[in-house]
Structure formats: structure tokens, C-alpha cells
Amino acid sequence: MCCGLKRRFLLLYATQKGQAKAIAEEIWQQAGAHGFEADMHCMSEMDKYNLETEKDPVVIIISTTGTGDPPDTARKLVKKIQDTTLPPDHFAHLQYGLLGLGDSEYTFFCNGGKIVDRRLQELGAQRFYDTGLADDCVGLELVVDPWIDGLWHALKEVFLLQKEKEGMNSAVDAVSNSLSAAPHVVHELNLSSKVQNLKLEDEGVKSSGVLSQKLVDISLVASNRDTEASLVHSVPPISQSALNIPALPPEYIEVQFQDTHGENPRLFSLISEERAFEVPVTKAVQLTREDAIKTALLLELDIADTAFEYQPGDAFCVMCPNNVSEVEELLRILELSEKGEYFVCVKVKQGTKKKGAARPQHIPERSTLKFILTWCLEIRATPKKAFLRALVECTSDVGEKRRLQELCSRQGASDYTRFIRDPNVCLLDLLHAFPSCKPSLNLLIEHLPKLQARSYSASSSNLYQPGKLSFVFSIVEFAACPTRPVSRKGLCTGWLAELVAPQLHANRNTVDTNGGSCSTEKISIFARPNNAFHLPEDPSVPLMMVGPGTGISPFIGFLQHRQKLREEHTDWEFGETWLFFGCRHQDRDYLFKQVHYLAFILCFLENGTLNHLKVCFSRDSSSAAEVAPPKYVQDVIRLHAKEVARVLLKERGYFYVCGDKKRMADGVSDAVVDILSMEMEADKLEAMKFLATLREAKRYLQDVWS
């Protein structure tokens, strides 16, 4: 294709955390080398494109939120195309290819992309390229890389057909010749097994000749003692292979150090939410014994003097900083320790080749270096391959440079997954492993994502405790491993635990009938309402709640709310309530059973707010019992199959699940399917379909995490 005849296509992306944008930028960078011009826009910029009149092919990259909704930046377009008055041929002129991003750990996998894809089809649009669905659970690149490879051939075929329609036969011949050696388009990219993953990786290697990437051919012979691959060391065949590495992302940020005078911006200016609040932590209670495997804490916040509103079942976000010692260590490695308190001015680099370059919204135009590294950048984020590619240029040691090239290459996809993605290696881990790598500050700002606020479920009812907001969490622990030589606590849970440690210590040494001591510590929060995970509007409807461990948290709020309604409306009819709870040990981590004023569960049973409490303990020995008691909540649910079927099939009840998805929620779902199959006298497929209808009707609801 002649370089003077570059073909335009519209490239739209909708992102929540930046992944879709990064993939769109990669496509934009590769487009020129394939003879195309990508007109790239965020989907929210509807004044810059018009699908109603678009004549060129459209490429869409779209992510999905944790609740299965399209990202915020796609809402305007989704609302527009979901207009029921649009005719079925509204987009008959439109040709598109769509790549959806999601995580199969969540129920509605890639649902944002599926919503847009399905609606475009309903309105007459035609796919010029098969839809790809990339799974962040196994690695987005397993689908993204081959999907991008095949995109160029698919686009060329679109323009070839256009030329044929225009009768440009001579041009058709020229383009056909250039296509003769191109690989076939990769179809059916929605992976469902590891076998398919491996097949796609192989196809990606075979078709690597179409990539506009720098070919690196360095042969390193492993020593006899280095026979196993690791983060810093490779083995044949990759150690002796020619590598296809990504194109070097263009730099676009310029950082200027200034003096130490001034004030940092307010934290609330870093978020797009209109309403964020700084609130005091009024109580802190440890819900588990000291010898419990995991430590669970309950914090109570005072929201009385704010406009913060929530319902039981809602979530909210806590703005947390990066770990102080990790920030100090990063400054030391970057040789910027003495400049931590200096203000820096962040601007777009003049003459940058990056399209639409702009200062990231989460980076203040002027703030101290420590402020940026503490509150703005997710320094624990797993580095993307584009970041690894940029780090190659900052590495002086030849062996280290080669290994970083391998890890970001197509040939090194499995090594990237094994040594970086799966163990959650972060920038600090990489800089320790590759000591000759000395990235600049602007590179960190360009490649590290925004520090995300952490989400927690409300464990209280504002009706029951006006002006109070409680939540429960376990302190997350990341054990040391070969790629991460030091153990770490969860970023937010570790920070919160440290923040309230004086309160907890005081509680252990004093008798406090209120369950905790007052504190002057404050945290910043903002609302994240859940549109579905709420109590039924009709209080007479029965409900079943499944919440092992800290998954019980929102159900404490449910029961508080229900108890207050029962007190205020004695003439109302209230439905039956069930709670299935599980933990490891009855005497170590039975949350909310007997902790000072928090003996909630037993009180709810005594006053009739809770009708049925079913518990199990997975690690307690049961040698004295003739029949082993159930270990997990899904086992307890199976023991009450008749009651579950009655509530769901006959009484149109609600079923709520909260907690870990992979190890619990999927098991609960399987148990319910088996119960429905047995009670309906139907095969498993029919039972699965019925469960799907319950989900659609918002009667089977999940609030789960991976």
C-alpha cells in the first residue's frame, strides 16, 4: 500500500482504569506502518465523531466495570444507541470490529462490550472482523495480541471490497498482491480453556511477521548452573530466539523540578466524583482472635456532619496512600531522595509524537514529588508490556536489557505471565531484580496507572445507626516469593490497620463497653452506590443471604435495617430471613457473634429479625461426630435443598451471595443449580437457564471479589 494513500479508520475506546485506552494507543501506533491512519477518540467525545454518518470502518475497544456495566466513558453513547425508537437499519452503513475487555472472575464477563456489540447488530451494523473478548483473569494479551495482528488484514479486506465496488480494478490487483502473504484472520478469540490459550500463543508467534516491531536477535548461552527460568533469567528456546518486541512508546511528559515552597492540592481534586468527604474513624474493633489465620477489623465512621448517603448493600470507596516505606525506597532507587519535598511541574513534552498527548488527569500540574508518588500513582501496579519496553531503554546491563526484552516480547508471553503477571510483580520488584534499570520520573508518570480508591461494602444501616457508617475487612497478606523477596500487606487494608493500631491497642488494655475508643484519625471516602444489591422493595418477600467470612458484612446492614423497620411498622408483614455463614474456626473468627456490643447475630435471632442461622467451620475437627458436619456454605445450602427450592420457586424470594468468587460463589451457584434441577425434575441445563432468569430479574444477586 502506498504510503501516500493511507486509509482512515475510526478508533474508539471506552476505559474505566486505562487498559482500553492503552490498547487503543497501541493500535494507533501500529496503524501507520500498516498503511492506515487511525482517527482515535474516547467514546465520550461524541462531538468529535458521528456514527450516523461514519463511512470508514470503526474499531471499538471497550472495557467492563465490576458490576458488568459499560465504563463511565461509554454511557452517553450506550444511552443513545439504546433508544428504542431507532429503526433496525439505523447503522446499516456501519462496519465495525470490537474488542471487549473483562474478567471471567466476575459474573458478567465482558458485558460492556457485549452490550454495544449486540445493539450495533440489532441496528443493522456489520462486523468486518470477529469480536474479541479478552480475559484479564488469564491475561488480556492472550487475546489482544492476536486480535490486533488479524485486524490489519481484516481492514485491508474492507478497503479492497470498497475498491471493487468503485470499479478500481487496477488498484485491486496491487493490493491483492500485497495481501497474498498475509496471515489469516484469527477467529473465535473468546478463550475458554488453557488449550485454546496455548493455541493462540502459537498462532501469534507464527504470524509475528506482520508486526511493525523491532526485531532483536541476541543469542545468550545459559550457564550449566542456570537451568531453570526465573524473573531475571531465561532458558532455551527463548534465550536463543530472535524476538519481536513492541514498538517503543513515544515519551510525552516533561517534568521540571522547582523549589520547596507552596501547597499540595486537596485529595478531592484527584477524583472525578462530585462528593467526597473526610470523616473521622470513631471506633475500631478486632473481630477475630489473635491466633486467627486472618485478622478482621470493623471500623465505624462518623458521617453525621456530611451529606454522604447510602443504603444497606451499597459500597463506598476509601482513598488510600501508597506505603511510606515503598515510596522512600522508590525515591532512593531513582536517586531522588533529596528531592522528595520539591515541587514539580508536569507538562506535555513539546514535539511529542503521541497522538492527543495530555497531562494525565490524576497528576496535578504542580505538586511535590512525594505527593505524586504517594497519592497519584499506583506504584504497586503490575507493569504492562509497553512499560517493560520503555524500561529496556533505561537499562545499562546487557543481560538485564535482554531479559526485559524477552519479557515484553511475543515469544516471552508465557514468561511474562509466570514471572510478572501471576505473582503481581510491581515496579519496585523489577528495579530490585534489574539494578541497572534507572527510569526517569516522566516515564513513571506516563506508564503507572492512577492510584485507585479501594471499595468496601457498608456493614450498617443509616436507619438503625443514624450518622454512622461501618465496614469490615480482613488485612490482606501477600507472602514473599522468588519474584517478590519481601512480604507485603494489602495497600489499603494495611494502611487502615496501621492507622487504627493505637485504638486497637487501647481496647485490649481497657474495658470499653462501647466496643471501641474515639479517634481523631480521618479518612477520605466517596459513595459507590450499588443499583441492585439491596433489600427487596416488598418486605414480605423471603430472602436468603450467603456470606462466609467478611462476606457477611452487607448482611449485618440488611438485618439492622430490617430490625428497625419491624420496630417502626408493627403492622407490616415481613418475609422469612436466612443467613448462611462460614469461617475457619468457631472460637477464632466467628465474626459478629460475641464481640462487645457486636453480638449482632444472636440478637437478630432472639428478636426474630433473623429466622434461620446456618453456620459451618471448615478447619474445626469433627472426630467425635458420627457424620462429618458440612465444611463450607455450599455444603450447608445443599442440606437445605427443600427450603431453598421453596423460597426461589414457590415464594419468589431473593438470594444474595457475598464474598470470594472462585472459592465460594461459584460453589454456591453450582449448589443452587443442582437443587433447582432436582426440585424442578429438569436437567442441569434447564436449571442453569432458570438461574439465569433469576439473575436477570435481580432475584439472585452477587457482590463478589476475586
Side-chain angles (χ1 to χ4, degrees), residues 15-18 21-22 72 249-279 317-350 352 354 356-381 383-384 387 390-391 394 426-428 431 438-454 491-492 494-496 498-499 521-526:
T15 190
Q16 194 73 19
K17 296 184 178 179
K21 181 180 180 182
D72 295 343
E251 293 187 5
Y252 69 97
I253 289 295
E254 184 176 82
V255 177
Q256 295 177 344
F257 281 92
Q258 299 178 338
D259 52 30
T260 58
H261 302 295
E263 291 185 0
N264 282 311
R266 288 173 55 84
L267 286 182
F268 300 159
S269 67
L270 302 179
I271 61 174
S272 57
E273 282 71 16
E274 293 182 2
R275 293 196 163 191
F277 306 95
E278 188 178 42
V279 294
C317 290
V318 175
M319 299 178 68
C320 64
N322 285 310
N323 182 274
V324 174
S325 61
E326 292 173 24
V327 171
E328 296 289 350
E329 178 67 3
L330 186 55
L331 287 170
R332 184 191 66 78
I333 293 175
L334 298 177
E335 300 177 352
L336 292 172
S337 296
E338 296 180 358
K339 293 190 175 182
E341 301 299 336
Y342 278 66
F343 278 79
V344 293
C345 185
V346 180
K347 296 181 178 180
V348 174
K349 188 175 184 179
Q350 286 190 346
T352 180
K354 180 180 174 66
R359 174 175 53 83
Q361 291 184 352
H362 56 277
I363 302 294
E365 186 174 359
R366 187 176 186 272
S367 62
T368 62
L369 175 55
K370 270 192 179 179
F371 183 86
I372 292 175
L373 295 181
T374 302
W375 290 102
C376 304
L377 297 175
E378 188 95 50
I379 64 175
R380 281 195 188 176
K384 305 293 184 187
F387 194 9
L391 292 177
C394 310
C426 68
L427 175 63
L428 264 180
L431 296 180
K438 303 292 183 183
S440 60
L441 177 59
N442 67 285
L443 210 62
L444 270 57
I445 293 174
E446 290 170 1
H447 289 277
L448 287 175
K450 174 186 177 181
L451 177 57
Q452 296 289 335
R454 270 44 176 181
L491 189 65
C492 193
W495 172 66
L496 289 171
E498 186 176 342
L499 195 70
E521 298 291 352
K522 292 185 177 182
I523 64 174
S524 297
I525 64 171
F526 57 87

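Note that the coordinates shown come from a computational prediction; the quantities given were computed from them, not determined experimentally.
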What I'd like to find out is whether the side chain of Trp495 reaches to under 4.5 Å of the side chain of Asn322, using heavy atoms alone. no
In the structure I gave you, are the side-chain heavy atoms of Cys426 and Glu326 within less than 4.5 Å of one another anywhere? no
Taking NZ, NE, NH1 and NH2 as the nitrogens, is one of them in Arg454 or Glu378 under 4.0 Å from a carboxylate oxygen of the other? yes
Do Pro364 and Asn264 come close enough that some side-chain heavy atom pair is under 4.5 Å? no
Find out whether Asp72 and Gln16 are in side-chain contact, i.e. whether some heavy atom of one side chain is under 4.5 Å from a heavy atom of the other. yes
Check: Ile379 and Leu444 side chains under 4.5 Å, non-hydrogen atoms: no
Show the nearest heavy-atom pair for residues Val346 and Arg359, with the distance to one decimal. O-CD, 3.4 Å
So, Glu328 and Lys370, do they make that salt bridge, N to O below 4.0 Å? yes
Say you draw a straight line from OG1 of Thr368 to CZ of Phe257; how long is it, rounded to the nearest 0.5 Å? 10.5 Å
Give a yes or no answer on whether the side chain of Thr352 reaches the backbone of Glu251 with a donor-acceptor pair at less than 3.5 Å. yes
Tyr342 OH to His261 NE2 distance, which is reported to the nearest 0.5 Å: 9.5 Å
Would you compute the distance between atom CG of Leu330 and atom OG of Ser337 and round it to the nearest 0.5 angstrom? 9.5 Å
Under 4.0 Å between a Lys/Arg side-chain N and an Asp/Glu carboxylate O for Lys354 and Glu446? no
Approximate separation, where rounding is to 0.5 Å, of Phe343 CZ and Ser367 OG: 7.5 Å
Looking at every heavy atom in both Arg275 and Phe526, which two are closest together, and how far apart are they? O-CB, 3.3 Å
Search all heavy atoms of Val327 against all heavy atoms of Leu373 and return the closest pair with its distance. CG2-O, 3.7 Å
OG1 of Thr374 to CG of Leu451: how many Å apart, nearest 0.5 Å? 9.5 Å
Evaluate the side-chain proximity of Leu377 to Ile363: yes if any heavy-atom separation is below 4.5 Å, no if none is. yes
For atom NZ of Lys438, is the number of surrounding heavy atoms from other residues, nucleotides or ligands below 6.0 Å larger than 12? yes
Atom CD in Glu341, atom CG in Asp259: separation rounded to 0.5 Å? 12.5 Å
So, do Cys320 and Leu491 sit near enough that their side-chain heavy atoms are less than 4.5 Å apart? yes
So, do Leu391 and Leu443 sit near enough that their side-chain heavy atoms are less than 4.5 Å apart? yes
Distance-minimising heavy-atom pair for Ile445 and Pro360: O-CG, 4.2 Å
